**Q** 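Before anything else, here's the structure in question.
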Number of protein chains: 2
Amino acid sequence: MRRGGGKSTYDRILDMALMLFSEKGYKGTTMRDIAAKVGIRQGGIYNHFKNKDEILEKLVNDMMKSSALLSLFDSLDADPQSYTKGKSVLSKIATTFKLLSFDPKNEALFRLMIQELFRNQTVRDLYYEKFYQENVKRLSSIFFRMMQDELIKSSDPLMLANEFFSPLFFYQLQVILLKTDGKSTSSAVTLFEKHVDIFWESIKAGNDYGGRTSTLF
Amino acid sequence: MRRGGGKSTYDRILDMALMLFSEKGYKGTTMRDIAAKVGIRQGGIYNHFKNKDEILEKLVNDMMKSSALLSLFDSLDADPQSYTKGKSVLSKIATTFKLLSFDPKNEALFRLMIQELFRNQTVRDLYYEKFYQENVKRLSSIFFRMMQDELIKSSDPLMLANEFFSPLFFYQLQVILLKTDGKSTSSAVTLFEKHVDIFWESIKAGNDYGGRTSTLF
DNA sequence: GTCTATAGGAGGATAGAC
DNA sequence: GTCTATCCTCCTATAGAC
């Protein structure tokens, strides 16, 4: 560890490795590439990591602990009032997705995750349990409570969660792809809000009073 | 070319390379791996391809020409009656997505595409123009015609296309991931139909006659 | 067209001086 | 902890016999 805000070599290796892995893939990145970015010689990395795999493992394990999305869910859970607001909760979630697309660290993690999804069992398990299942479960309980409060129509909360989540994931992929090519993201960015608008209109408890959209609770 | 239905070595190299690339990634696959699967020696591949890159290029270029989804759109365009059926058109598209998840060749292409998306400019261009843009544009024109026929509510066709497409893409990813781990896909498979149900309910021209859902056409 | 053999190089990892 | 030097393995690609 170095003092004065400077990062330790260990941390710098992780940072640079993440950037390189996310750009060129794990196999496409050499220890020499990483060392060069860090500013040390290739052999120097082995003072901090046993081998290349250990760097990837450490990065993958850190993914779990740094989910800005789950933090948001936690803060929503802590505030019982939040569920009564209905659409604004969904907007907050969509906005978080949008902002994460522009966070360099999250972008790199996303790219790494996608690239290693089929090649790496650990990444796949992590994606499925901690990213997909966890987020959909959290969303599901939000929709369930909204149904209880008769804010939205009664239906399958888990299915709603899937339907709300999947476009957000997809739009984030689009934004990150556009950024990769240095293209404008302006049109893709509007998709997040529009998704919330369309989705909310389709689930909200009937403005069309007396319609077939009665809640069963 | 060999006679009698047997595939040429050239084609077998492409087939095996696609399978291996989709499992272990381009960089993670060696020429020896490919040769072993084909049943020839490593050097023999160079009688058919200049180098490893040329195999990938050929595979990538073939992706364009083999889109079962675009074939479906073409057949829909050829049948003017199809649009009047409304929901069944969407079901047909969703079912195609679902079936493609279980087509080995499509699955391999999907995996290859995802893995190379960030690493390979050509794959990225292809994904964006031929896969994303093209499909969304086709969907968009379907929704536009449905609006003209007052089958569905009036709104932005392009946005509807995005909202309809993105869950299908996402669910296909889930199915393929589950298959990768040999897990059951039964729960994921139902998502396709449920998506169509939910989506159609949210866009169809009002059953609630006289509501705020009037079409503007 | 496929084989063997090999060139040529890149990449991961270690040893030992400082 | 970082450096230099080196080892060794693995890989792509080529040359030439069959």
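The sequence lines fix the lettering, A, B, ..., with proteins before strands; numbering per chain opens at 1. Keep in mind that what you see is a predicted model, and the values were worked out from it rather than measured.
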**Q** Specify the separation, in whole Å, of atom CD1 of A:Ile34 and atom C1' of C:dG11.
**A** 12 Å

**Q** Do the ring planes of A:Phe169 and A:Phe110 sit parallel (below 30°), tilted (30 to 60°) or perpendicular (above 60°)?
**A** tilted

**Q** Between atom NZ in A:Lys50 and atom P in C:dT14, what is the gap in whole Å?
**A** 8 Å

**Q** Within the structure provided, determine whether A:Leu90 and A:Ile203 are in side-chain contact (heavy-atom separation under 4.5 Å).
**A** yes

**Q** For A:Phe49 and D:dG1, give me the distance from atom CZ to atom C1', rounded to whole Å.
**A** 14 Å

**Q** Sort me out a list of protein N/O and nucleotides 10-12 of chain D N/O pairs below 3.5 Å, or just none if empty.
**A**
from	atom 1	to	atom 2	distance (Å)
D:dT12	OP1	B:Lys52	NZ	3.2
D:dT12	OP2	B:Met31	N	2.8

**Q** A side-chain contact here means heavy atoms from C-beta on lying under 4.5 Å apart; do A:Val123 and A:Leu112 qualify?
**A** no

**Q** How are the rings of B:Phe164 and B:Phe199 set to each other: parallel, tilted or perpendicular (split at 30° and 60°)?
**A** tilted

**Q** Quick one: which protein N/O atoms are closer than 3.5 Å to N/O atoms of nucleotides 15-18 of chain D? Pair and distance per line, please.
**A**
none

**Q** Please report, rounded to the nearest Å, how far the P atom of D:dA13 is from the NE2 atom of B:His48.
**A** 15 Å

**Q** Describe, in one word, how the ring planes of A:Tyr10 and A:Phe49 are oriented to each other, choosing from parallel (under 30°), tilted (30 to 60°) and perpendicular (over 60°).
**A** parallel

**Q** Using 4.0 Å as the upper bound for N to carboxylate O, is an ion pair formed by A:Asp15 and A:Lys37?
**A** no

**Q** So do B:Glu134 and B:Phe73 actually touch side chain to side chain, heavy atoms under 4.5 Å?
**A** no

**Q** In whole Å, what is the span from the CD1 atom of B:Ile13 to the P atom of D:dA13?
**A** 13 Å

**Q** Nearest whole angstrom, please: distance from the P of C:dG1 to the CZ of B:Arg12.
**A** 15 Å

**Q** Run through B:Phe165, B:Phe102, B:Tyr171 and flag the one making a ring-ring contact (aromatic ring centres under 6.0 Å, His included) with B:Phe97.
**A** B:Phe165

